[in-house]
Amino acid sequence: MRASAEGLRRLVGAMVKAGGSADAEADLVAEHLVDANLAGHDSHGVGMMPTYVRHLTMGLLVPNTKAKVVKDDGPALMFDGGRGYGRAVAGEAIGAGIGRCRQLGVAVVTLANAHHVGRVGRYGELTQAARLVSLHFVNVTDHRALVAPFRGTDPRFVTNPVCIALPATERQPPILLDMATSAIAMGKVRVAKNEGHEVDPGVLIDEHGRPTRDPHVMYAEKTGALLPFGGHKGYGLAVVTELLATALSGGPSIHPGNPRAGGIINNMLSILIDPGRFAGVDWFRREVDGFVDFVKASPPADPQAPVLVPGDPERLARERRLRDGIEVDAITWEEILAAADTVGLGRAKAQALGAS
Ligand code: NAD
């Protein structure tokens, strides 16, 4: 099924509204999920709606929740997301952080107990639009573990994404590194299963700890595990990300001393920096421009695949998908229609909205 961004936004907006959200929250969530598809990250796009609806019906996702200020102390801002839609509560927390960073030059924002914040790069884009640098460390819990530690054979944590965002200069578009610390995001295993293809080697192990390319091992009764990216280095980054996201925020890490209800909780530590308060904006631009030009001038090994910097693939995907539409595989589409039914929108109406 090929859909337009507009049609998918209408469909997701209607589903979120039918789940009890006010119009503004429904529009925000719809924009966020469809934007992830446009950026090329189908793992975090409209295919998340069946999970969101399941969590709504279980009371593990609470519509119309505002981020609650836990502490406001100079550069330190702490929020609790109260299982609200991640995009809504994280947007509020980052918005407050941007204001504080403009005043003080730095701000450190924690957000505990948000429901799924989705594509973390979106929060980096918010700080980029304010011409700030930001670093985001996110853990995932309330959920079964998915990723095995380096040298381990079973899952002990989830995909703990990291995002580092630098604003655009006059010449260079913004640089946005935004990635799971697992070899691939779990949503990409779901997409591989739904589209019926194998994952790359080095990404998964089966329930016995043996390498496999079969995405179904993550859906068996006794599951296999994703591997961290980059061996011990990616594993090390996953460990500190879990702890930075939780130990400072008051949000739970995934160890068994904390409850797990079977939803998704994201905790996030965000560090915001105003380049104007450090070496200055002129120096910042000079270094970004000079370095990016130099790196991109490396002759490509494959002439069809030039050197890129983080953020380029998402920009290219956006151009392509805005022009050509967004492909939603048949299983994901069916799951979305079933979720639309659960939430009371009805399959026929959902189908019509998605195709509009
Ligand atoms: P990925 O493996 O596609 O990596 C994406 C990053 O690599 C981007 O910064 C991209 O610009 C960069 N990149 C890709 N190709 C490049 C190239 N040739 N040159 C330079 N840079 C390049 O992404 P992923 O790890 O699958 O993560 C996908 C999304 O999942 C992210 O948006 C992440 O925030 C999200 N995520 C969210 C959660 C959550 O719980 N909320 C958990 C895990 C992941």
Side-chain angles (χ1 to χ4, degrees), residues 29 32-33 35-45 47-48 51-52 55 61 81 85-87 89-91 94 111 113-126 128 134-147 157-166 172-192 199-200 202-204 226-230 234 237-238 241-242 245-246 251 253-254 263-270 291-292 295-296 298 300-302 304-318:
V29 174
H32 187 46
L33 295 184
D35 183 67
N37 289 107
L38 287 174
H41 294 291
D42 293 333
S43 54
H44 287 70
M48 286 305 297
T51 303
Y52 286 12
H55 294 168
L61 165 56
Y85 274 101
R87 176 62 184 87
V89 292
I94 295 298
L111 174 66
N113 299 309
H115 189 260
H116 192 238
V117 298
R119 180 179 161 260
V120 183
R122 189 71 195 112
Y123 311 103
E125 287 164 356
L126 296 178
Q128 285 170 334
S134 64
L135 298 84
H136 309 263
F137 300 90
V138 179
N139 88 315
V140 192
T141 188
D142 207 37
H143 194 276
R144 67 188 166 99
L146 299 172
V147 184
F157 48 89
V158 191
T159 50
N160 293 359
V162 170
C163 170
I164 301 180
L166 279 71
Q172 299 289 356
I175 293 179
L176 187 67
L177 177 66
D178 171 31
M179 57 178 210
T181 50
S182 49
I184 59 173
M186 180 59 197
K188 289 186 176 151
V189 181
R190 184 191 75 228
V191 171
V199 299
D200 288 339
V203 164
L204 285 176
L226 280 157
L227 294 172
F229 84 94
L237 186 58
T241 298
E242 178 89 19
T246 59
S253 79
I254 198 165
I264 301 179
I265 290 288
N266 279 150
N267 302 288
M268 176 160 75
L269 170 75
S270 300
F291 180 70
V292 172
V295 167
K296 286 190 153 182
S298 178
D302 170 0
Q304 304 303 315
V307 172
L308 304 175
V309 292
D312 284 341
E314 288 73 17
R315 261 187 296 283
L316 294 169
R318 238 180 228 119

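Both ligands and their constituent atoms are indexed starting at 1 by order of listing.
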Residue Ala180 vicinity, atoms of ligand 1 by number, heavy atom under 4.0 Å: 24 (P), 25 (O), 27 (O), 43 (C), 44 (C)
Considering only non-hydrogen protein atoms, determine which one is nearest to atom 34 (O) of ligand 1 and report residue, atom name and distance to 0.1 Å. Asp178 OD1, 2.6 Å
Going by the order shown, which atoms of ligand 1 are within less than 4.0 Å of some heavy atom of His116? 39 (C), 40 (O), 41 (N)
Suppose we measure from atom 18 (N) of ligand 1 to each protein heavy atom; which comes out shortest, and what is that distance? Leu308 CD1, 3.9 Å
Checking contacts here: is it the side chain or the backbone of Asn160 that comes within 4.0 Å of ligand 1, counting heavy atoms only? Could be both or neither. neither
Counting distance only, does the side-chain N/O of Glu242 pair as donor-acceptor with the main-chain N or O of Ile254 below 3.5 Å? yes
Any idea which part of Glu314 is under 4.0 Å from ligand 1, heavy-atom wise: side chain, backbone, both or neither? side chain
Go through ligand 1 atom by atom and flag the ones less than 4.0 Å from a non-hydrogen atom of Val140. 40 (O)
Main-chain N/O of Gly91 paired to Arg122 side chain as donor or acceptor, under 3.5 Å: no
Note: heavy atom closest to atom 15 (N) of ligand 1, options Pro313, Gly118, Gly124, belongs to Pro313
Proximal atoms of ligand 1 relative to Val120 (non-hydrogen, under 4.0 Å): 34 (O)
Can you find a protein heavy atom closer to atom 32 (O) of ligand 1 than 4.0 Å? yes
Any atoms of ligand 1 less than 4.0 Å from a non-hydrogen atom of Lys188? List them with their elements. 1 (P), 3 (O), 23 (O), 24 (P), 26 (O), 28 (C)
Would you check whether His44 has a nitrogen or oxygen atom less than 3.5 angstrom from a nitrogen or oxygen atom of ligand 1? yes
Salt bridge (charged side-chain N to carboxylate O under 4.0 Å, His left out) for Glu125 and Arg119? Distances and angles first, verdict last. CA-CA 11 Å; Glu125 287 164 356; Arg119 180 179 161 260; 2.8 Å; yes
Is Met179 touching ligand 1 with its side chain, its backbone, both, or neither, if touching means heavy atoms under 4.0 Å apart? both
Of all the atoms in ligand 1, which lie at a distance below 4.0 Å from a heavy atom belonging to Leu176? 9 (O), 11 (O)
Going by distance alone, is a donor N or O of one side chain under 3.5 Å from an acceptor N or O of the other, for His136 and Ser134? yes
Given 3.5 Å as the limit, does a donor-acceptor pair link the side chain of Gln128 with the main chain of Tyr123, or not? no
Centroid-centroid distance, His32 to His44, less than 6.0 Å: no
Answer yes or no for Asn266: is there a heavy-atom contact with ligand 1 below 4.0 Å? yes
Mind checking the CG-OG spacing from Leu226 to Ser182? Nearest 0.5 Å is all I need. 5.0 Å
The atoms of ligand 1 lying under 4.0 Å from a heavy atom of Thr159, numbered in the order shown, are 42 (C), 43 (C)
Are the side chain of Asn113 and the backbone of Gly81 linked by a donor-acceptor contact shorter than 3.5 Å? no
Identify the two heavy atoms, one from Leu176 and one from Gly124, that lie closest to each other, and give their separation to 0.1 Å. CD1-CA, 4.1 Å
Quick one: nearest non-hydrogen protein atom to atom 12 (C) of ligand 1, plus distance? Pro310 CA, 4.3 Å
Short question: side chain of Asp142, backbone of Ile265 - any donor-acceptor pair under 3.5 Å? no
Is it true that Gly311 lies under 4.0 Å from ligand 1, counting heavy atoms only? yes
The closest protein heavy-atom partner of atom 28 (C) of ligand 1 is His41 ND1, 3.4 Å
Where do Ile264 and His55 land on the side chain to side chain contact (heavy atoms under 4.5 Å, CB included) test, with the steps shown first? CA-CA 8 Å; Ile264 301 179; His55 294 168; 3.5 Å; yes
Can you pull out the closest protein heavy atom to atom 7 (O) of ligand 1? Residue, atom name and distance to 0.1 Å, please. Leu177 CD1, 4.5 Å
Would you mind listing which atoms of ligand 1 come within a distance below 4.0 Å of any non-hydrogen atom of Ala185? 26 (O)
Distance alone, cut at 3.5 Å: any donor-acceptor contact between the side chains of Asn139 and Asn160? no
Decide if the gap between the ring center of Tyr85 and the ring center of His116 is smaller than 6.0 angstrom. no
